[in-house]
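As a basis for the values below, the full set of heavy atoms in this structure was taken, side chains included, without hydrogen atoms, waters or symmetry mates.
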Amino acid sequence: IAGRLVDRGLISWDTRVSDLFTNYQIFNAALTSATLDQLLAHRAGVQSGATFENNHWNQLLAQSGTIPQIRRWVSDTVLTDAPEVAPGNFLYSNQGYTVAATMLELASGKAWETLIQEEIFTPLRMTTATLGIVYDDVVPPKASVGHDLAAGETVPVPRAATSANVNYHYEASNGAGAYTACTLQDWAKFLHLHMTSDIGDYLTAATGARLQEPFP
């Protein structure tokens with residue numbers, strides 16, 4: 001999504017948090033200069049998902065509004081907190097992707113859920129792709145589902161479904177990190193884009209190369 005918007009000049013890899021968030025003055029000073037590129041490479045210093053949920057889970061579930069509005073609250077919250085690692089160091093962070101998604105929303109005027117449909121699913125003809133976690137407690141499950149392995153057990157079991165309220169808020173707080181389900185055939189369409197140099201008019205050659213280049 002970011003690459004498509006970069007190619008259209010709506011945002012750049014070097015766009016900073018302070019370039020798009022008008023309330024950046026309230027953020028932790030160490031995070032206001034975080035760039036889209038750093039956020040997508042998990043090097044902006046934004047706290048990990050475990051830290052965010054330990055500190056803010058109850059507050060998250062109490063938020064009302066649309067998913068983009070709650071996503072904005074999550075972004076404001078983690079950008080106000082202190083960095084968990086010094087910016088520039090690697091720390092995997094779903095909430096860093098939430099901030100990146102909010103930046104893409106601010107730059108495009110569209111919700112992340114609309115962007116992923118318009119910029120990925122539709123042009124790549126991923127017709128089975130959906131947003132959300134798939135639950136199926138039948139053994140064996142009819143669809144690919146997440147599994148958990150309890151302590152001391154040897155057989156993983158399908159993950160138990162959570163409430164609609166938890167799912168709603170989880171999409172807002174973690175959706176941009178990984179919230180897509182699709183068939184292997186449709187996943188192969190996405191992989192094919194990255195396996196071939198023939199990107200065509202979907203991405204510019206420069207952006208295609210940038211997405212596959214290791215972060216310096």
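Residues Leu20 and Met103 share a closest heavy-atom pair of CD1-O, 3.5 Å. In terms of heavy atoms, Leu10 sits closest to Ala107 at O-CB, 3.5 Å. When every heavy atom of Ala100 is checked against every heavy atom of Leu36, the shortest pair comes out as CB-CD1, 3.9 Å. The minimum heavy-atom distance linking Ile70 with Gly65 is given by the pair CD1-O, 3.9 Å. When every heavy atom of Asp136 is checked against every heavy atom of Pro158, the shortest pair comes out as O-CB, 3.5 Å. Of all non-hydrogen atoms in Glu105 and Leu115, the two that sit nearest each other are N-CD1, 4.4 Å.
Cluster membership check: Met126 shares its hydrophobic cluster with Met195, using side-chain heavy-atom separations under 4.5 Å among Ile, Leu, Val, Met, Phe, Trp and Tyr. Under the 4.5 Å side-chain heavy-atom criterion for ILVMFWY residues, no single connected hydrophobic cluster contains both Leu149 and Val157. Hydrophobic clustering (ILVMFWY, side-chain heavy atoms < 4.5 Å, transitive): Tyr97 and Trp57 are in one cluster. Linking Ile, Leu, Val, Met, Phe, Trp and Tyr whenever their side-chain heavy atoms come within less than 4.5 Å leaves Phe215 and Val17 in two separate clusters. There is no path of hydrophobic side-chain contacts, each under 4.5 Å, that joins Val139 to Ile133.
Residues that satisfy the side-chain contact (heavy atoms from CB on, under 4.5 Å) test with Thr122, not counting sequence neighbours, are Gln117. Looking at residues two or more places apart in sequence or on another chain, you find no ring pair (Phe, Tyr, Trp, His ring centres under 6.0 Å) involving Tyr170.
To the nearest 0.5 Å, atoms CG (Leu104) and CG (Leu40) are separated by 7.0 Å. Separation of atoms NE2 (His42) and CG (Leu91) is listed at 9.0 Å; rounding is to 0.5 Å. The structure places CH2 of Trp73 at 5.5 Å from CG of Leu60, a figure rounded to the nearest 0.5 Å. With rounding to the nearest 0.5 Å, the separation of CG in Asp14 from OG1 in Thr35 is 6.0 Å. For the atom pair Phe27 CZ and Leu79 CG, the distance stands at 5.0 Å (nearest 0.5 Å). Atom OH of Tyr92 is separated from atom CZ of Arg43 by 14.5 Å, given to the nearest 0.5 angstrom.
In this structure, Gln95 contributes its side chain and Val74 its backbone to no donor-acceptor pair below 3.5 Å. Using modelled atom types, no side-chain atom of Asp186 and backbone atom of Thr183 make a donor-acceptor pair closer than 3.5 Å.
More than 12 heavy atoms of other residues, nucleotides or ligands sit less than 6.0 Å from atom CG of Asn165. In Lys110, the NZ atom is not crowded: 12 or fewer heavy atoms of neighbouring residues, nucleotides or ligands sit closer than 6.0 Å. More than 12 heavy atoms of other residues, nucleotides or ligands sit less than 6.0 Å from atom OH of Tyr179. In Leu184, the CG atom is not crowded: 12 or fewer heavy atoms of neighbouring residues, nucleotides or ligands sit closer than 6.0 Å.
The only option from Val46, Thr98, Leu39 that meets the side-chain contact (heavy atoms from CB on, under 4.5 Å) definition with Ser93 turns out to be Val46. Here the options are Glu113, His169, Glu171, the test is side chain to side chain donor-acceptor pair (under 3.5 Å), and the partner is Arg71; only Glu113 passes. Of the residues Asp19, Leu5, Leu106, the one that meets the side-chain contact (heavy atoms from CB on, under 4.5 Å) test with Ile11 is Leu5.
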side-chain contact (heavy atoms from CB on, under 4.5 Å) assessment of Phe21 paired with Ser75: CA-CA 10 Å; Phe21 287 82; Ser75 297; 4.1 Å; yes

Trace of the side-chain contact (heavy atoms from CB on, under 4.5 Å) decision for Leu124 with Tyr202: CA-CA 9 Å; Leu124 298 185; Tyr202 180 73; 4.0 Å; yes

Steps toward side-chain contact (heavy atoms from CB on, under 4.5 Å) verdict (Phe190, Thr180): CA-CA 12 Å; Phe190 182 81; Thr180 298; over 6 Å; no

Verdict with reasoning, Arg4 to Asp7, per salt bridge (Lys or Arg N to Asp or Glu O under 4.0 Å): CA-CA 5 Å; Arg4 297 266 286 179; Asp7 281 346; over 6 Å; no

Candidate pair Glu53 and Asn174, rule side-chain contact (heavy atoms from CB on, under 4.5 Å), full reasoning: CA-CA 11 Å; Glu53 293 182 7; Asn174 288 271; 3.9 Å; yes

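Between Leu211 and Leu203, some side-chain heavy-atom pair lies under the 4.5 Å cut-off.
For the 3.5 Å distance criterion, the side chains of Ser12 and Thr15 qualify, holding a donor opposite an acceptor.
Val145 belongs to a hydrophobic cluster with Val134, counting contacts under 4.5 Å between side-chain heavy atoms of Ile, Leu, Val, Met, Phe, Trp and Tyr, direct or through other members.
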